Amino acid sequence: MSEQPSRRQAKKQKKFKPKARTPRGLRDMAGDELRLQNHMIATIAQVYESYGFGELDTSAFEYADALGKFLPDDDRPNEGVFSLEDDDGQWMSLRYDLTAPLARYVAEHYDRLPKPLRRFQFGPVWRNEKPGPGRYRQFMQIDADTVGAANQAADAEICMMAADCMEALGLERGDYVVRINNRKIMDGLLIAIGLDPEAEEYETTRLTILRAMDKFDRLGLDAVKALLGEGRKDESGDFTKGAHLTPAQIDKVAQMVSIEANDRSHALDAMAELVGGTEIGQQGLAELRDMAELFTTLGYGEDRLAIDPSIVRGLGYYTGPVYEIELTFEARDETGELARFGSVGGGGRYDDLVKRFKGIEIPATGISIGVSRLAAALTLLGKAGAAEPADLIVVTVMDKETRPELMALVRDLRQQGLRAELYMGDSAMKAQLRYADARGARFVVIEGEDERAAGEVTIKDLQLGKEKSAEINDNAEWRASEHAQQQVPKGDLASKLIELTS
RNA sequence: GCAGCCUUAGCUCAGUUGGUUAGAGCGCUAGAUUGUGGAUCUAGAGGUCCUCCGUUCAAUCCGGAGAGGCUGUACCA
């Protein structure tokens, strides 16, 4: 280093203040938003519990090999996951969903668990990918799974429970729909159009086709056709390569995604024609028919549970029925933009997941609901009715020597069932009022010299005062006004507050 | 991941043809108006001008690289 540090160096040495900010794609949650999230979790958990599911909590970290990766064509292995190396050299990763930890848990404790196992779990999951508006790298999921049941009653039950959850949260019938498909039908379709499952490039082609079908909802039929053929160029000029199917093959796949989903039996018939006589396709159809029959028997209509051949639901590990919960209403957000919410959760049957650990096939089916997006939707719908906490009472401190007595006063208020706190700062009266206002307090209790001499306290109603102040422009008038307050004998404070609160 | 645009105070933004001490509004903190949230007045705090490297006597400004943000797209277990 030179004798005379440059200005840049001098500047650099001056301060080393860290910048206070949340990491990219992560966020803090407080107040109404947090209360809503807790309320939603409690509501959904109650539905899950009423179906007999029992709660499980697992660690945020899992060994990386236990989480595994499920996309065979993934050209970026191990991306999307937060990982770190433990001091024993083993790699651990933050869970990216709650299903992989469940598979590990089942495999680890298989012998002592009741089968079928019905467990629900909620908690944050982490994904190391590009965040976007309303899309974070940590978010809350709440899952329910049945492990060890191979029949379609287990799948059907989960779909019906998903519908029940939406209504428990206050959504009206028609504001949501659970769309259901079956992986086996799609595999049957691919065989029916002449693809060879033994061919080397089959997996890649299959994924490309499934991805294309998945986009039907968002991009429409023409885009799907382009993606099935040569590929598609989007508005930014970016090119997505296609599946290179023949026009005849494209036509069949297009027919499949275009099937109207309004009527379950018609949808099933139309699907049956397209999968032809393929064994796997027939199997998938039979499974869907079983489910549809249960829906009808139990009175779950087409408006709540629909068969939809364009549902693909991820690509990794699903082996049978797949389903997605979709919000069907539109609403305007703060900026007046039309917001569509689309999928808020989904799931399906994954019969191979535990096999990775145990070597034996253990059938499983389950659902995952994303709490954050649902919360945003409920807020815009005005259905975010999480219970408000009780009215807050802030007791101000006029003379610091009286603090012990005032603490006893707020303790007495609390013992009477009121929500009360003593101002814990050291600032003057005005700041204490501002504090109460910022906290959203309903009442302020003041005991100054005058009151103490009279054995009284002043109760100030901040809500009332705010309404009054709207009509006052002049400062003198403001000062002369009563400030929406009253004086009561100190002994009557609790009962008076209870009276005012109710 | 790819493409385009962007980055100066907590927020919204000025500004410097490269030159001593970088500004406004709002917000925040405190004081005044008898001991009361609004209004008014006064004062104050708050800045690595995104980061690093280079060019220069001198860089917030010019050049290069990188990071972060926004939008679209891809991926989404």
Side-chain angles (χ1 to χ4, degrees), chain A residues 6-21 23-25 67-76 79-81 93 95-100 103 125 127-133 135 137 139 141 207 211 214-215 218-219 223 227 232-241 312-318 343 346-348 350 353 368 370 394 396-399 425 427-441 444 446-451 458 460-485:
Chain A
S6 74
R7 185 169 146 189
R8 210 181 267 162
Q9 283 168 323
K11 214 183 235 177
K12 199 175 170 181
Q13 284 163 0
K14 207 162 62 181
K15 320 177 174 177
F16 291 98
K17 279 189 295 186
K19 196 168 188 174
R21 71 229 161 103
R24 186 167 68 98
L67 284 182
K69 51 182 200 276
F70 301 100
L71 295 182
D73 77 332
D74 204 346
D75 38 343
R76 310 171 238 157
E79 251 186 53
V81 180
S93 300
R95 64 185 179 207
Y96 52 78
D97 69 10
L98 299 176
T99 310
V125 300
R127 293 187 189 177
N128 189 5
E129 46 191 34
K130 179 188 157 187
R135 193 175 147 155
R137 292 154 95 200
F139 52 95
Q141 288 194 332
L207 288 179
R211 279 172 185 150
D214 195 30
K215 291 188 174 62
R218 197 158 49 88
L219 300 177
L227 287 166
R232 172 175 177 267
K233 192 186 276 189
D234 62 53
E235 300 131 48
S236 78
D238 203 23
F239 187 76
T240 310
K241 55 182 196 291
V312 175
R313 188 64 201 160
L315 303 159
Y317 46 60
Y318 293 116
S343 174
Y350 49 98
L353 208 50
S368 177
V394 171
T396 57
V397 180
M398 295 291 289
D399 307 299
S427 296
M429 189 62 178
K430 183 162 180 131
Q432 298 194 34
L433 265 292
R434 266 207 305 266
Y435 167 80
D437 191 42
R439 285 295 311 279
V444 167
I446 302 161
E447 187 200 40
E449 234 178 301
D450 302 345
E451 286 93 340
T458 297
K460 180 178 169 67
D461 186 331
L462 291 185
Q463 268 174 31
L464 237 180
K466 190 164 229 158
E467 287 163 25
K468 281 194 179 178
S469 81
E471 302 151 16
I472 300 174
N473 297 315
D474 177 56
N475 179 246
E477 195 183 344
W478 167 259
R479 301 208 146 252
S481 73
E482 282 292 301
H483 299 305
Q485 58 193 41

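Below, chain A is the first sequence line, B the second, and so on; all start at residue 1. All figures in this text were calculated on a predicted structure; none of them were measured in a lab.
A 4.5 Å side-chain heavy-atom check between A:Gln141 and A:Asp97 finds at least one atom pair inside the cut-off. Residues A:Gln485 and A:Val444 form no side-chain contact, since every pair of their non-hydrogen atoms from C-beta on lies 4.5 Å or further apart. Side-chain contact check for A:Met429 versus A:Met398: some heavy-atom pair is nearer than 4.5 Å. Side-chain contact check for A:Gln432 versus A:Val394: every heavy-atom pair is 4.5 Å or farther apart.
Looking at the side chain of A:Val81, the nearest of the listed nucleotides B:G37, B:A77, B:G35 is B:A77. Ranking B:A77, B:G31, B:G37 by closeness to the A:Lys460 side chain, first place goes to B:G37. Checking B:G35, B:U29, B:A77 against every side-chain atom of A:Arg434, the shortest atom distance belongs to B:U29. Minimum atom distance to the side chain of A:Met429 is reached by B:U36, of the listed B:A30, B:A77, B:U36. Looking at the side chain of A:Lys130, the nearest of the listed nucleotides B:U73, B:G69, B:A30 is B:U73. The side chain of A:Arg135 has B:C76 as its nearest neighbour among B:C76, B:A77, B:G37.
RNA chain B is contacted by both A:Ile446 and A:Arg24; A:Ile446 maps to the nucleotide lying nearer its 5′ end (nearest heavy atom per residue). Between A:Ala441 and A:Thr99, the one whose closest nucleotide on RNA chain B sits nearer the 5' end is A:Ala441.
A straight line from CG of A:Leu433 to P of B:U29 spans 13 Å, rounded to a whole angstrom. At whole-Å resolution of the value, CD in A:Gln432 and P in B:U29 are 14 Å apart. Distance A:Phe139 CZ to B:C76 P: 14 Å, rounded to the nearest Å. Put simply, CG on A:Asp450 is 12 Å from P on B:U36, counting in whole angstrom units.
The phosphate of B:C76 has neither OP1 nor OP2 within less than 4.0 Å of any side-chain N or O from A:Lys215. One finds no side-chain N or O of A:Arg439 lying less than 4.0 angstrom from the OP1 or OP2 phosphate oxygen of B:G37. Put simply, A:Thr396 has no side-chain N or O that comes within less than 4.0 Å of OP1 or OP2 on B:U36. Look at A:Lys430 and you'll find a side-chain N or O under 4.0 angstrom from OP1 or OP2 of B:G37.
Pairing partner, B:G46: none, since no Watson-Crick or wobble contact has both distances short of 3.5 Å. B:A24 is paired with B:U12 under the Watson-Crick or G-U wobble criterion, all donor-acceptor distances under 3.5 Å. The base-pairing partner of B:G54, taking Watson-Crick or G-U wobble contacts with both distances under 3.5 Å, is B:C62. Base pairing of B:A67 is made with B:U7, judged by Watson-Crick or G-U wobble geometry with both donor-acceptor distances under 3.5 Å. Under the Watson-Crick and G-U wobble criteria, each requiring two contacts below 3.5 Å, nucleotide B:U40 is paired to B:A32. Pairing for B:A74 is absent, with no Watson-Crick or G-U wobble pair whose two atom distances lie under 3.5 Å.
At a cut-off of 3.5 angstrom, the base of B:G35 holds at least one donor-acceptor pair with the side chain of A:Glu451.
To the nearest 0.5 Å, atoms CG (A:Asp214) and CG (A:Leu227) are separated by 11.0 Å.
Counting non-hydrogen atoms under 4.0 angstrom, A:Gln141 reaches nothing in the nucleic acid.
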